[in-house]
2 protein chains.
Amino acid sequence: MSKETSAEEKILTAARRIFENKGMSGARMQEIADEAKINKSLLHYYYRSKQKLFEAVFKSAFNTLSPQINTILSSDKDICEKITDFTYNYTSFMVKHPYLPNFILQELNRNPEFVTELISSKNIPGMKKFKNQIKEAVKKGKIKDISAEQLFINILALNIFPFIGAPLLKGFLETSDKEFKVLLENRKTEVADFIIQSIKL
Amino acid sequence: MSKETSAEEKILTAARRIFENKGMSGARMQEIADEAKINKSLLHYYYRSKQKLFEAVFKSAFNTLSPQINTILSSDKDICEKITDFTYNYTSFMVKHPYLPNFILQELNRNPEFVTELISSKNIPGMKKFKNQIKEAVKKGKIKDISAEQLFINILALNIFPFIGAPLLKGFLETSDKEFKVLLENRKTEVADFIIQSIKL
DNA sequence: ACATTTGCTGACCATTTGGTTAAACTGTTT
DNA sequence: AAACAGTTTAACCAAATGGTCAGCAAATGT
């Protein structure tokens, strides 16, 4: 915002804002330029094309989301503590960036090959460790028998969906934005309880 | 597909297909015309504009999804049976229409006022009945104390998210399309178990 | 058989949009 | 102060895109 921020940075910030709520095809280069308060040509000066600019934004967004998900797979914490922590941290973070999950999943659905590209380039930990952790916990009788995959899906679903489905949920629940925020606030702890309740013996 | 299907119908089918995986702004009228194998002008003959055509597709899609969600709110079944049925029916249906949830939520996020419009026009049952059902069940000691809103969010999250998040999940889980389909198949019953496990005393 | 409505198409148009280019401006080096 | 490199802008451009329109074709009515 200040005069000090470089043009390149201003562009990225503006592009983030526009792409995140209009998507790749809905965004206009002119609109991004206006948002950044610079000339449209400057966009092409720093990023050669719309596609390139978009990729910069997308990768940056994905690299914000994916480390959080990775903590589930790679942290050494106890499974229950892991769930509690993730739920709290993820929801806290997403309340501040509510468009992020929608943006990422949207473009991922439109362009599924992105995933393989991004996941193979970044060091995604893989399921092995998490699978072992669940298998161990089941064997030791700490939790009920559940597949690591399904548990993983459930954890993500319960945490991510409220942000993607917000407009739908607000409609069906007949809640105002404020009331919905309260619901989200409560989920920071309730979701973990819900999951743990379901897997503990 | 056959010669018998009217042009109007062919257009709607083609538009559905294109809009569902490119979104409003990503779809091209020419592309829809090609898909329907008719002249582009005919699109404007039956539907005056891209916007109108899109709205026809969107409403049709929303009217496919919303009755399913309504069953949670309005059916008279026992809460557990309701969850079991919904989980099975919804997932079965979505496996055949995997783009639907993503399409609807995408456009709803871009255009949140759609919800109020659609929900007020259609007879959405409202939360009252469901809230009472939960309150009753809690009082009778059938289930643990949980807010109807949170339970509702959780049910939708666990059922809808796997379809919206499919590319992301496939990436992290390192599963092929086939393996992922198996996971979805298992969810038809496992999700209900998961939820019920979590709310029962 | 003729007229009239209805369905359908090719050619065309105005605007939008991503992208280019040459020139101007700014700060730094010589 | 002149030369130079990096940054920014206005003016343009070609292609794409949503939309129109006059007319053809095929039913439908009389």
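All chains are named by letter (A, B, ...) in the order of the sequence lines, taking the proteins before the strands, and each is independently numbered beginning at 1.
With hydrogens and angles left out, the side chain of A:Lys50 and the base of C:dG19 share no donor-acceptor pair within 3.5 Å. With hydrogens and angles left out, the side chain of A:Ser41 and the base of C:dG19 share no donor-acceptor pair within 3.5 Å.
Atom C1' of nucleotide D:dG23 and atom CG of B:Asn39 are separated by 13 Å, given to the nearest angstrom. Separating the CD1 atom of B:Ile32 from the P atom of D:dT17 is a distance of 12 Å, rounded to the nearest angstrom. One can place CD of A:Gln30 at 17 Å from P of C:dT15, the figure rounded to the nearest angstrom. Per the geometry, CG belonging to A:Leu42 stands 18 Å off P belonging to C:dA24, to the nearest Å. Per the geometry, CZ belonging to B:Arg28 stands 11 Å off P belonging to D:dG19, to the nearest Å. In this structure, the CG atom of A:Leu43 is 12 Å from the C1' atom of D:dT8, given to the nearest Å. Atom-to-atom, OH of A:Tyr45 to P of D:dT7 comes out at 4 Å; the value is rounded to the nearest Å. In this structure, B:Lys40 atom NZ and D:dG19 atom P are separated by 9 Å, rounded to whole Å.
When ring centroids are compared, A:Phe103 and A:Phe19 stay outside the 6.0 Å threshold. B:Phe86 has its ring centre less than 6.0 Å from the ring centre of B:Tyr90.
Among the protein residues, A:Ala27 comes within range of the sugar-phosphate backbone only, with heavy atoms under 4.0 Å from sugar or phosphate atoms but none that close to a base. Among the heavy atoms of the strands lying under 4.0 Å from B:Tyr46 are primed sugar atoms or P, OP1, OP2 only; no base atom is included.
Within a 6.0 Å radius of CZ in B:Phe152, more than 12 heavy atoms belonging to other residues, nucleotides or ligands are found. The number of heavy-atom neighbours closer than 6.0 Å to NZ of B:Lys22, taken from other residues, nucleotides and ligands shown, is 12 or below.
Of the candidates D:dG18, D:dT8, C:dG19, the closest approach to any side-chain atom of B:Met29 belongs to D:dG18.
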